[in-house]
Amino acid sequence: MNILMINGTMRKGSSYHIGKMLIEKIAKKEDQISELFLPKDMPEFCRGCAVCIKDSEKKCLDYLMYMKRITKMIDEADLLVFTSPVHVMHVTGALKALLDHYGYRFMVHRPEESMFRKQAVCITTAAGGGMKSTLKDIKDSLFFWGIAKIYTYGVAVAATSWEEVEKAKKDKIELEIDKIVLKLKRDTEKVKPGIKTKILFYIMRSMHKKGMNPVDQEYWKEKGWLEKERPWGKKEGI
Ligand SMILES: Cc1cc2nc3c(=O)[nH]c(=O)nc-3n(C[C@H](O)[C@H](O)[C@H](O)COP(=O)(O)O)c2cc1C
């Protein structure tokens with residue numbers, strides 16, 4: 001299994017430690033585990049030129065330097081683990097900046113096929129509140145990317161570092177993480193998108209059949225998605 005951890009901060013704080021806890025529980029010796037830290041691994045903001053959407057993501061000014069490497073890592077991963085502290089009720093600016101770079105991958109444009117067979121876990125910690133809105137910030141992107149299974153976990157740790165988190169709280173976190181680990185599949189062949197993802201796919205498919213953005217329509221055509229092929233496997237049908 002290939003596991004990629006994307007951390008919305010450089011700090012190895014509570015969010016990171018909980019993410020690591022989950023990975024240690026699911027991973028086996030043979031697995032490949034990689035970690036990205038933001039903004040170090042992708043320090044640029046989206047410029048809003050929309051060249052990725054209208055033409056090609058390879059023409060993004062951040063492609064060669066940062067996005068090419070990160071995108072390859074994301075595409076090769078079976079399990080994505082996103083962590084972010086709550087910063088003023090939302091995801092960190094660094095993680096939002098990375099997610100902004102993937103607007104072209106939304107299902108309304110050119111979703112990457114492998115997403116429909118991936119699992120993702122989004123983890124956030126706050127001192128007191130804002131976990132729901134922060135998890136939504138991440139989950140919204142992953143859902144529109146087409147990620148097959150998305151799990152979320154948010155917790156108020158009443159602390160600004162992992163060392164400060166009380167033992168009883170850490171024990172409770174561990175139990176809750178165990179529950180998510182039980183839901184994750186090591187056999188990636190068994191990962192299939194849920195009905196909401198498939199419905200969105202079919203709505204987008206009908207739009208692409210009519211044709212909106214020629215680049216997107218060509219992409220859907222090439223994939224065979226306007227015919228019988230499906231990103232989660234042709235034989236599966238709906
Ligand atoms: C700039 C900044 C903004 C924050 N905003 C919130 C907030 O809106 N709600 C909250 O409960 N905690 C907030 N916190 C506290 C952190 O979310 C909390 O300490 C979190 O557990 C830190 O995670 P980390 O250890 O992974 O960095 C904020 C902290 C910082 C530095």
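Keep in mind that the numbers below use all heavy atoms, side chains included, and drop hydrogens, waters and symmetry copies. Just so you know, these numbers come straight off a predicted model, no measurement behind them. Whatever order the structure lists ligands and atoms in, that order sets their numbers, starting from 1.
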Checklist line | Residue list, salt bridge (Lys or Arg N to Asp or Glu O under 4.0 Å) with E166, at least two apart or on another chain | finding: none
Next item on the list: Return the set of residues passing side chain to side chain contact (heavy atoms under 4.5 Å, CB included) with R205 (not counting sequence neighbours), or none when no residue passes.
Entry: F201, Y202, K209, W220, L226, R230
Check: Do E35 and Y16 have side-chain atoms, one donor and one acceptor, less than 3.5 Å apart?
Finding: yes
Notebook entry, point to check: If we ignore angles and hydrogens, is there a donor and acceptor under 3.5 Å between the side chains of E176 and Y153?
Noted result: yes
Item checked: Under-4.0 Å salt bridge between D178 and K25 -> yes
Margin query: According to ring pair (Phe, Tyr, Trp, His ring centres under 6.0 Å), who are the partners of H17, at least two apart in sequence or on a separate chain?
Written below: W162
Notebook entry, point to check: ligand 1: which residues have a non-hydrogen atom closer than 4.0 Å?
Noted result: R11, G13, S14, S15, P85, V86, H87, V88, M89, T125, A126, A127, G128, G129, V157, A159, T160
